[in-house]
Structures are given as C-alpha cells and as structure tokens.
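Values below: every heavy atom of this structure, side chains too, minus hydrogens, waters and symmetry copies. Residue indices begin at 1 and follow the sequence shown.
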Amino acid sequence: MTINVTMEESIYQLLKDVDRNYFTSNRQLNKTSMLYQTVEEVQNSGWFENLKIEAIDNYSLATVTLKAAALTDEGQKKLQELKVKYDTNEEDK
C-alpha cells in the first residue's frame with residue numbers, strides 16, 4: 001500500500017537520515033522520485049553540506065551525493081523543529 005507524504009515530511013526524513021549517516025553510498029535516482037524531488041527542494045537551503053545533484057544527460061536519472069552529506073547548524077535546527085511536529089515515538093524525542 002502506498003502512503004503519500006508531504007514534502008515537509010520527506011524533508012524531515014532526509015534530515016534525519018543524513019544526521020544518522022544512513023546513506024552508505026551515493027544514489028542514482030529517477031528524477032520523478034520523491035527522494036530526488038526532496039533533495040532538489042533542499043539543495044540550496046543551507047541545511048546540508050556536500051549535498052549535490054548531478055543530472056545524467058539524455059536520461060531521466062541523476063546521481064545524488066548522499067554519503068558525504070552532513071547537516072549544518074541550520075540543518076540541525078530544522079531537524080529539531082520538524083522532530084517536534086512529526087516524531088510520534090517518545091523514545092526518539
């Protein structure tokens with residue numbers, strides 16, 4: 001079953017995953033995927049260091065640098081702000 005998430009929820013998940021070093025490699029993503037759209041949305045937000053998108057010419061794919069990505073101080077603040085809103089697990093707060 002597909003679950004629709006908002007862009008803000010997707011941004012929260014990306015912030016959380018980068019903070020816990022979830023990505024062990026860079027990813028090739030379809031440009032229509034939610035992860036690609038989320039990275040595209042936040043790439044110039046100031047919340048991340050070393051987060052890049054490189055489009056692959058003549059294909060609907062792009063390489064997204066996630067392994068080296070890290071949160072800036074502003075990213076940590078945004079993560080905490082969204083955590084209050086979206087994290088319903090009391091142990092993670």
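- Contact of the Val42 side chain with the Leu15 side chain is not registered, since no non-hydrogen atoms from C-beta on lie closer than 4.5 Å.
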Open item on the list: Does Leu29 form a side-chain contact (heavy atoms from CB on, under 4.5 Å) with Ile53? I'd like the steps, not just the answer.
Closed with: CA-CA 10 Å; Leu29 301 174; Ile53 297 175; over 6 Å; no
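- Side-chain contact check for Phe23 versus Thr65: every heavy-atom pair is 4.5 Å or farther apart.
- One side chain, Glu8 or Tyr86, offers a donor N or O that lies under 3.5 Å from an acceptor on the other.
- To the nearest 0.5 Å, atoms CD (Gln28) and CD (Glu54) are separated by 10.5 Å.
- Between the OH atom in Tyr12 and the CG atom in Asp17 there is a gap of 9.5 Å [rounded to 0.5 Å].
- Taking CD from Gln76 and CD from Gln80, the interatomic distance works out to 6.5 Å, rounded to the nearest 0.5 Å.
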- [ ] Show your reasoning for whether side-chain contact (heavy atoms from CB on, under 4.5 Å) applies to Gln13 and Thr38.
- [x] CA-CA 10 Å; Gln13 189 61 52; Thr38 303; over 6 Å; no
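- What you find for Ala69 and Leu51 is that their closest heavy atoms are CB-CD1, 4.1 Å.
- Contact check for Phe48 versus Thr72: no side-chain heavy atoms found under the 4.5 Å cut-off.
- Note: Leu71 CG to Lys78 NZ = 13.0 Å, rounded to the nearest 0.5 Å.
- Residues Met7 and Met34 form a side-chain contact, since some pair of their non-hydrogen atoms from C-beta on lies under 4.5 Å apart.
- Under the 3.5 Å distance criterion, the side-chain polar atoms of Asn30 are left unmatched by any main-chain donor or acceptor of Leu61.
- For the atom pair NZ of Lys52 and CG of Asn50, the computed distance is 5.5 Å after rounding to the nearest 0.5 Å.
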TODO: Report the C-alpha distance between Leu35 and Val64 in whole Å, list the side-chain angles of each, state the deciding distance to 0.1 Å, and finish with yes or no for side-chain contact (heavy atoms from CB on, under 4.5 Å).
DONE: CA-CA 9 Å; Leu35 181 54; Val64 179; over 6 Å; no
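- When all heavy atoms of Ala55 and Lys31 are compared, the pair lying nearest together is CB-NZ, 3.7 Å.
- Shortest non-hydrogen contact noted between Leu66 and Ser25 is CB-O, 4.2 Å.
- Closest approach of Tyr22 and Arg27 over heavy atoms only: CE2-NH2, 4.1 Å.
- With values rounded to the nearest 0.5 angstrom, Leu79 atom CG is found 12.0 Å from Ile11 atom CD1.
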